[in-house]
Amino acid sequence: FEEEFEGDEGNLVPFIFEEVNEHDVELLDYTIENENNNLVLNLGDDVYTIQGSAGAKMFVETLARSYFENLPDIEGITFIYKGSYEPILDHMNIGEPYLRSEFDM
């Protein structure tokens, strides 16, 4: 689906997260690192509400595809939990980037 975005580029990342995210997961903040090639999304405690591999796949794929489509310079998306890159979930990569090439984009 398409949504009309009205705002500056600095508001695009939170806008996409809010519009595409089907889970009640809070985006605490975000950064763009590695010479503007990697988007890091800092998630709150609600990340634990993502249930199982299917839930994680839906969460990651919808967000990743939306970001890759709208941010052409981004080559990877890394989800972190409350500022930490430590893995906390068995069914979702926390702290490791999901790459554009994994999504055939």
Side-chain angles (χ1 to χ4, degrees):
F1 65 92
E2 289 187 24
E3 288 289 328
E4 179 106 9
F5 173 69
E6 294 179 14
D8 62 28
E9 194 171 300
N11 293 326
L12 183 58
V13 170
F15 174 80
I16 290 172
F17 191 89
E18 190 173 299
E19 293 298 319
V20 174
N21 177 18
E22 294 289 324
H23 294 77
D24 290 328
V25 177
E26 180 183 11
L27 177 64
L28 299 177
D29 58 28
Y30 72 94
T31 56
I32 299 179
E33 301 176 345
N34 298 340
E35 299 177 15
N36 296 325
N37 289 322
N38 190 57
L39 174 62
V40 178
L41 301 171
N42 187 18
L43 308 177
D45 286 325
D46 300 335
V47 73
Y48 286 106
T49 65
I50 299 172
Q51 298 294 310
S53 326
K57 183 175 174 136
M58 288 180 1
F59 178 78
V60 168
E61 284 219 13
T62 55
L63 284 169
R65 288 184 180 283
S66 295
Y67 284 123
F68 288 140
E69 187 172 315
N70 289 284
L71 300 168
D73 294 336
I74 296 296
E75 291 299 323
I77 298 170
T78 304
F79 296 94
I80 63 175
Y81 169 65
K82 294 173 85 173
S84 173
Y85 286 74
E86 293 296 315
I88 58 166
L89 300 172
D90 293 337
H91 52 278
M92 182 178 158
N93 291 344
I94 299 290
E96 294 291 324
Y98 289 92
L99 303 176
R100 180 182 290 273
S101 60
E102 295 173 54
F103 299 92
D104 297 324
M105 298 185 80

Does Val60 form a side-chain contact (heavy atoms from CB on, under 4.5 Å) with Phe103? I'd like the steps, not just the answer. CA-CA 11 Å; Val60 168; Phe103 299 92; 4.1 Å; yes
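- Residues Tyr98 and Met105 share a hydrophobic cluster, clusters being chains of Ile/Leu/Val/Met/Phe/Trp/Tyr side chains in contact below 4.5 Å.
- Separation of atoms OG1 (Thr31) and CG (Leu41) is listed at 8.5 Å; rounding is to 0.5 Å.
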Start with the C-alpha distance between Arg100 and Tyr67, add both sets of side-chain angles, then the distance that settles side-chain contact (heavy atoms from CB on, under 4.5 Å), and finish with yes or no. CA-CA 10 Å; Arg100 180 182 290 273; Tyr67 284 123; over 6 Å; no
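- At a threshold of 4.5 Å between side-chain heavy atoms, the hydrophobic network of Ile, Leu, Val, Met, Phe, Trp and Tyr places Val47 and Ile77 in one connected group.
- Two different hydrophobic clusters hold Leu28 and Val25 under the rule that ILVMFWY side chains link at heavy-atom gaps under 4.5 Å.
- Between atom CD1 of residue Ile32 and atom CD1 of residue Ile74 there is a gap of 4.5 Å, rounded to the nearest 0.5 Å.
- Phe5 is not listed as a side-chain neighbour of Ile16, based on a closest heavy-atom distance of 4.5 Å or more.
- Checked against the 6.0 Å centroid criterion, the rings of Phe17 and Tyr30 do not qualify as a close aromatic pair.
- Closest approach of Ser66 and Val20 over heavy atoms only: OG-CG2, 3.4 Å.
- In this structure, CG on Leu63 lies 8.5 Å from CG on Leu43, to the nearest 0.5 angstrom.
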Carefully, step by step, assess Tyr85 and Thr78 under the rule side-chain contact (heavy atoms from CB on, under 4.5 Å). CA-CA 9 Å; Tyr85 286 74; Thr78 304; 4.0 Å; yes
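- Hydrophobic clustering of Ile, Leu, Val, Met, Phe, Trp and Tyr side chains at less than 4.5 Å, counting indirect connections, keeps Ile50 apart from Met58.
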Applying side-chain contact (heavy atoms from CB on, under 4.5 Å), run through Tyr81 and Asp45 and close with a yes or a no. CA-CA 8 Å; Tyr81 169 65; Asp45 286 325; 2.4 Å; yes
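- Note that the CD1 atom of Ile94 and the CD atom of Glu86 stand 11.5 Å from one another [nearest 0.5 Å].
- To the nearest 0.5 Å, the span separating CD on Gln51 from NE2 on His91 amounts to 6.5 Å.
- Within the 3.5 Å criterion, the main-chain N or O of Asp29 finds no donor-acceptor partner in the side chain of Asn42.
- In the displayed structure, Glu61 atom CD is contacted under 6.0 Å by more than 12 heavy atoms of other residues, nucleotides or ligands.
- Atom CD of Glu96 sits about 13.0 Å away from atom CZ of Phe79, to the nearest 0.5 Å.
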